[in-house]
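Right, one structure below, let's go through it.
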Amino acid sequence: MPTYRAPRGTRDLLPETRAGFSRLEGIARSLALRYGYREMEIPLFEQAAVFERGIGEATDVVEKELFRIAPRTEDSESWALRPEATAGIVRAYVQHGMQALPPPVKLSVVGPMFRYDRPQAGRYRQFWQWSAEAIGDPGPAVDAEVVEMGLRFYKEAGLPDVQVLLNSIGDAACRPAYLETLKTYFSGHEAQLPALDRRRLDTNPLRLLDSKDPAMTALIASAPKMIDRLCEACAAHFTSVRVHLDALGVSYRLEPTLVRGLDYYARTAYEFYRQGAEGQQQALGGGGRYDGLVELLGGRPTPAIGFALGLDRVVLALAETGATVSHEASPLAVIVGADPADTVSRLRVASLLRSEGLSVRAELAPRKLGRQLETASKEQAHFAVIIGDELADGHVQLKDLKAGTQHLVPLADLARDLARAEKTHHHG
RNA sequence: GUGGCCUUAGCUCAACCGGCAGAGCAUCGGAAUGUGGAUCCGAAGGUUAUGGGUUCGAAACCCAUAGGCCACCCCA
C-alpha cells in the first residue's frame, strides 16, 4: 500500500484549525451584513479566459500561478481553478444582469482560492479568502468605507495593530504618461539595474519600484512617483479618499511604491500588513479600485472597488502573537454508565436529550465508569449523566464535573435541568 | 520558476567517530468491576520520508525523488 498524503501546498484543516477558520468566516459574514454586502457563491473554477482577460495575461498570477484543469476531451473548454474571487464575481455580475440593480451592488464571497506556486508558511496552493466587492460606485467615499471594513475585520479577529499601506496608481488618463517617465528614468540608469529588473523595464516598469534588490534602493527613492503625477481627476479622487479615511479615524501610511499585481487595478490601491512586518512579502490582505474590469469582461463601463483578505495568514498571525485562535465547542454533558456493557441505556438517554436540542456525547465504549468520567473531564464537559440501577425507577445521577457535586434527578426533568444549566455553560 | 536548510513513534525531540533505534507528552489497559483532570505500573506505537548506492555494518556518508521551511519571484 502506498502512503497517501495531501497534495503539495494543500493542507487539511483539522478540527482545531477549522474552528479558527469558522470564527473568521463568522466575522466576515457579520461585517458583510453590517456594511451591506450580500453573500454569494461562485464556482471554484471558470473558463480560463475569465482570468486571462480579467486579471491580465502578463501577470504572474495568470502566467505562472494559474491552476489549469486538463480538458476531459479535445473540444472541451479550457478551465482553471479560481486564483482569486474578483474576476468570477464580476463575470457573474455581468452574466446575471446585475447592472440593472441599483448601484452599488455589494457582494461578498468566502472560500478557497488556488494558485500554483511554490509553497511556504502562509503561502499555499489552496488558501482561503474573504472577498468583498462594491460594484457601480465611483467613490471616493466607498473606497474609504471598504478600507475601514477590512481594518475592522482584523480588529475583531484579534489583530488590532494592522497597518494600511495606501497609494494611488492613477488611471488610463495619467498612468501611460507616467510609465513612460518611469521607463525613461530607469533607462538612464540601465547599467545599474540587476538583470531581472532590466527585463522588467519593458514588461512591467511599475514592478521596478517594488524591487528588493539593495542596488535599487537609492534609485527607487529618487524615482518619479505616480502620486506626484496623477491627473487632476485622480488627484482629486485620492485627496478625497484620504479626507474620508481621516474622518473615519483610519490611520494609514502613504506608500508611493505600492503597486498591485493584477492588471485591473486603477487609482486607489492598498494592502494590509501586521505592524512591524510591513516589509515582508506576506500581506494579510489587499485590494483596490478596478474601474475597467466590468467592461473588460463584457459589461458596460462600471467603476468598482474591493478587497481580498487572506484567512490563512490571519490565523498564522494570530498564532504568532500567541493568541488563542479559537477553541472547539465541548459537549454540555457526557452520558456515562455504571454498567460498561449497557450502551442501550446511554444511547437512549443521549437521544432523548439531543431531541431537546442539547449537545451531549454518549460514551459508547465499554469502559469502566472511572475511565468514562476521566475522558468526560478531559474534553471539558460540564456535566456527566451517570446511568445505573436508579434508571429502574426513572432516575439518573447528574454530576457537575466543574463543581464536583452530584444529585439524583428524575429522567423526566433531566433535559430541563440541563437546558437551564447550559445558559451558564461556556463551551470549551 | 531560482538558490539554500531540513525530514527519526500521533506530537515535541534524543541517539558521541558509521556499531543494540530511545525519552517525554498523547493513546489504551491495570492499581481502582458505581465516580473524573493527581499518582504509580504496564502495553501498544518505527520500512529512521521514499528509492538506490558506499560499507563487515547506515538514522548518520553519497545520489535521486517527494514533502516541509527560508530567501527570491510574486501575492493572500
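All chains are named by letter (A, B, ...) in the order of the sequence lines, taking the proteins before the strands, and each is independently numbered beginning at 1.
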> Would you say A/Tyr185 has more than 12 foreign heavy atoms packed within less than 6.0 Å of its OH?
Replying inline: yes

> Base, sugar-phosphate, or nothing: which does A/Arg115 touch, judged by heavy atoms less than 4.0 Å apart?
Replying inline: base

> Does the B/G3 base have a donor-acceptor partner in the side chain of A/Arg118 within less than 3.5 Å?
Replying inline: yes

> According to the Watson-Crick and G-U wobble definitions, with both distances under 3.5 Å, which nucleotide is paired to B/A64?
Replying inline: B/U50

> Between A/Asp389 (CG) and B/U33 (P), how many Å, whole number?
Replying inline: 16 Å

>> Using the C1' atom as the point on both nucleotides, what is the distance between B/G67 and B/G29, in whole Å?
In response: 36 Å

>> Classify A/Gln397 by what it touches in the nucleic acid, base, sugar-phosphate, or nothing, heavy-atom distance under 4.0 Å.
In response: base

> Checking all strands, does A/Lys378 fall into the base, sugar-phosphate, or nothing category for heavy-atom contacts under 4.0 angstrom?
Replying inline: sugar-phosphate

> Checking all strands, does A/Gly285 fall into the base, sugar-phosphate, or nothing category for heavy-atom contacts under 4.0 angstrom?
Replying inline: sugar-phosphate

> When we call it a touch if two heavy atoms are under 4.0 Å apart, what does A/Ala121 touch: a base, just sugar-phosphate, or nothing?
Replying inline: sugar-phosphate

>> Out of the candidates A/Asp137, A/Asp171, A/Asp143, only one should pair with A/Arg289 under the side chain to side chain donor-acceptor pair (under 3.5 Å) rule; please name it.
In response: A/Asp143

> Contact class for A/Gly9 (heavy atom, under 4.0 Å): base, sugar-phosphate, or nothing?
Replying inline: sugar-phosphate

>> Tell me if the side-chain of A/Gln406 makes a donor-acceptor pair with the base of B/G36, cut-off 3.5 Å, by modelled atom types.
In response: no

> Separation of A/Gln372 atom CD from B/G36 atom C1', in whole Å?
Replying inline: 11 Å

> Using the C1' atom in both, what is the distance from B/A49 to B/A66, to the nearest Å?
Replying inline: 8 Å

> Rounding to the closest angstrom, what is the interatomic distance between B/U47 and B/A59 at atom P?
Replying inline: 13 Å

> B/U33 base to A/Lys368 side chain: any donor-acceptor pair below 3.5 Å?
Replying inline: no

> Within the structure shown, what part of the strands sits under 4.0 Å from A/Leu309 by heavy-atom distance: base, sugar-phosphate, or nothing?
Replying inline: nothing

> Could one point to a donor on the side chain of A/Ser377 or the base of B/G37 with an acceptor on the other under 3.5 Å away?
Replying inline: no

>> Which heavy atom of A/Ala223 sits nearest to which heavy atom of A/Leu182, and what is that distance?
In response: CB-CD1, 4.5 Å

> How is A/Glu390 classified with respect to the nucleic acid when contacts are heavy atoms under 4.0 Å: base, sugar-phosphate, or nothing?
Replying inline: base

>> Once you apply a heavy-atom cut-off of 4.0 Å, does A/Gly286 come out as touching a base, just sugar-phosphate, or nothing?
In response: sugar-phosphate

>> I'd like the P distance from B/U2 over to B/C61, given in whole Å.
In response: 26 Å

> Using atom P of each nucleotide, how far apart are B/A31 and B/U7 to the nearest Å?
Replying inline: 43 Å

> Can you check B/C70 for me, syn or anti if syn means within 90° of 0?
Replying inline: anti

>> What contact category does A/Glu84 fall into here, base, sugar-phosphate, or nothing, at under 4.0 angstrom with non-hydrogen atoms?
In response: nothing

>> Regarding A/Arg371, tell me which of base, sugar-phosphate or nothing describes its non-hydrogen contacts under 4.0 Å with the strands shown.
In response: base

>> Return the pairing partner of B/G1 with a 3.5 Å limit on both distances, Watson-Crick or G-U wobble; otherwise return none.
In response: B/C72

> Does B/G22 pair with anything, Watson-Crick or G-U wobble, both distances under 3.5 Å, and if so, with which nucleotide?
Replying inline: B/C13

